[in-house]
Amino acid sequence: MKDFIQKLPKAELHLHIEGTLEPKMMLELAKKNSINIPYKNIEDVKKAYDFTSLQSFLDIYYAGASVLITKEDFYDLTWAYLLKCKEQNILHVEIFFDPQTHTNRGIAFGDVVEGISEALNKADDKLGITSFLIMSFLRHLSEDEAIDTLKLSLPYKYFIKGVGLDSSELGNPPSKFKKVFQMAKNAGYRCVAHAGEEGDASYIKEALDILHVSRIDHGIRCEEDEELMKRLKKEQIPLTVCPLSNLKLKVVKTMKEHNIKRLLRYGLLVTVNSDDPAYFGGYLNENYEAIVDALKLSKEDVKTLAINSFKASFLSDSKKLFYLKK
Ligand code: ADE
Ligand code: ZN
């Protein structure tokens, strides 16, 4: 099965580029850029990755991202992830980045986008990997700050496919960002949002009804609302599920309790993704392997999940068909 997962052509739709910062690169960049981080070596860093909740992870994740300073740093980070994609037979990626994590430290929006995009273009050229970039607003900050970020992005619209919503979910419901999502839609961006990771099913409904998103990131608490389940099935609204993330952030106690198999059996358009692989102990294939082992998924299930990953993407119908034939 491991070999089957490895060889299967896949897309990844829920991946935070800052979450691919491996401890080795974090230490190297901290040294190069003279940034103070509270770790001396790789073991120190790994020891800190013992999370109790989403917030306990985010605190460490934002501190880690502080070592990213120059356009080249963003390029190197992204290129390292794309090489991993090649290794894992990931043919298409839709990558999140959090501009506010960087602009709030004085990094230019353009440096972030251009560094990431240069690596994405090279991957298209040299590795045959296609991609889209999705800019996420930090939901623990205000809507006005998200609007400022949206305005900053407009000169770079060519590089950016859509907008998302991430960071601390509890207490920051989608409705807080109604206006900025409307503005983003008017500007021609596709919209997605993290919802139903730690927040309850009402967050998912708000993301659909108030933000009008076309995909839900995580969304695993949808089972709490039967009407919502019927709607997700009927409208085939994709969920980008991240099993190892859910386990590491204690959203589920054990992988055996994960509901991805039930959601799949119910007929939802669920996909498998790695979220922040450098922090959660596995890239995409390891996420597939973890659910196959714990939930006894069949090869047919795995194939359906990989097919879903292309169906749920923002690729054109003809490109989807091209990949699905593979
Ligand atoms: N930022 C990076 N990973 C995230 C996650 N799983 N949930 C919310 N915000 C995030
Ligand atoms: Zn995420």
Side-chain angles (χ1 to χ4, degrees), residues 11-22 26 48-49 51-66 68 74 77-78 81 93-104 112 116 132-141 145-146 149 162-174 176-177 191-200 203-204 206-207 211 213 215-222 238-252 258 260 270-284 286-287 290 309 312-313:
E12 171 144 72
L13 308 178
H14 184 158
L15 181 282
H16 302 264
I17 199 63
E18 295 89 349
T20 68
L21 180 60
E22 289 287 347
M26 189 192 292
Y49 292 179
F51 312 116
T52 53
S53 63
L54 173 59
Q55 192 58 52
S56 72
F57 153 70
L58 290 170
D59 293 341
I60 286 180
Y61 165 80
Y62 294 131
S66 70
L68 297 160
F74 287 95
L77 176 72
T78 309
Y81 166 66
V93 288
E94 302 192 357
I95 295 183
F96 290 121
F97 74 112
D98 288 340
Q100 289 159 295
T101 300
H102 314 299
T103 53
N104 288 352
V112 181
I116 297 171
F132 292 128
L133 195 50
I134 301 176
M135 157 178 95
S136 280
F137 302 121
L138 298 181
R139 69 201 306 159
H140 66 275
L141 301 178
E145 287 165 283
T149 304
V163 301
L165 185 65
D166 63 6
S167 194
S168 323
E169 188 175 12
L170 293 173
N172 296 298
K176 181 177 162 187
F177 296 92
C191 297
V192 299
H194 283 53
E197 178 184 17
E198 280 191 345
D200 63 26
Y203 283 67
I204 302 173
E206 279 197 10
L211 305 186
V213 300
R215 216 157 63 197
I216 297 286
D217 297 310
H218 294 295
I220 58 171
R221 288 191 62 179
C222 59
L239 303 184
T240 64
V241 178
C242 308
L244 285 174
S245 164
N246 297 149
L247 185 67
K248 280 283 181 181
L249 301 187
K250 312 275 193 286
V251 173
V252 294
H258 203 290
I260 190 166
V270 288
T271 64
V272 181
N273 306 272
S274 70
D275 206 6
D276 302 284
Y279 290 86
F280 300 149
Y283 284 77
L284 186 58
E286 289 75 31
N287 273 271
S309 72
S313 73

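In listed order, ligands and their atoms are each counted from 1.
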Heavy-atom gap Tyr61 to ligand 1 smaller than 4.0 Å: yes
NE2 (His194) - the Zn ion (ligand 2) - NE2 (His16) angle, nearest 10°: 100°
Nitrogen or oxygen of Ser167 less than 3.5 angstrom from that of ligand 1: yes
Any donor-acceptor pair under 3.5 Å from Arg221 side chain to Ala195 backbone: no
Donor-acceptor contact present, side-chain Asn273 to main-chain Val241, <3.5 Å: yes
Atoms in ligand 1 with a heavy atom of Leu54 nearer than 4.0 Å: 5 (C), 7 (N), 8 (C)
The Zn ion (ligand 2) - name of the N/O/S atom of Asp275 that sits closest to it: OD1
Under 3.5 Å: N/O of Glu197 near N/O of ligand 1: yes
Under 3.5 Å: N/O of His218 near N/O of ligand 1: yes
Nearest option to atom 6 (N) of ligand 1, as decided by whichever heavy atom of Val251, Asn273, Asp275, Asp276 sits closest: Asp275
Proximity to ligand 1 by part of Phe57, non-hydrogen separation under 4.0 Å: side chain
Protein residue, atom and distance nearest to atom 1 (N) of ligand 1, heavy-atom basis: His16 CE1, 3.6 Å
Rounded distance (nearest 0.5 Å) linking atom CZ of Phe137 with atom NZ of Lys176: 12.5 Å
Donor-acceptor contact present, side-chain His16 to main-chain Glu18, <3.5 Å: no
Spacing of Leu239 atom CG and Asp217 atom CG [to the nearest 0.5 Å]: 9.5 Å
Rounded distance (nearest 0.5 Å) linking atom CD of Gln100 with atom OG of Ser136: 9.5 Å
Contact atoms of ligand 1, heavy-atom distance to His194 under 4.0 Å: 5 (C), 7 (N), 8 (C)
Lys/Arg N to Asp/Glu carboxylate O, Arg215 vs Glu94, below 4.0 Å: yes
Donor-acceptor under 3.5 Å (Thr149 side chain, Glu145 main chain): yes
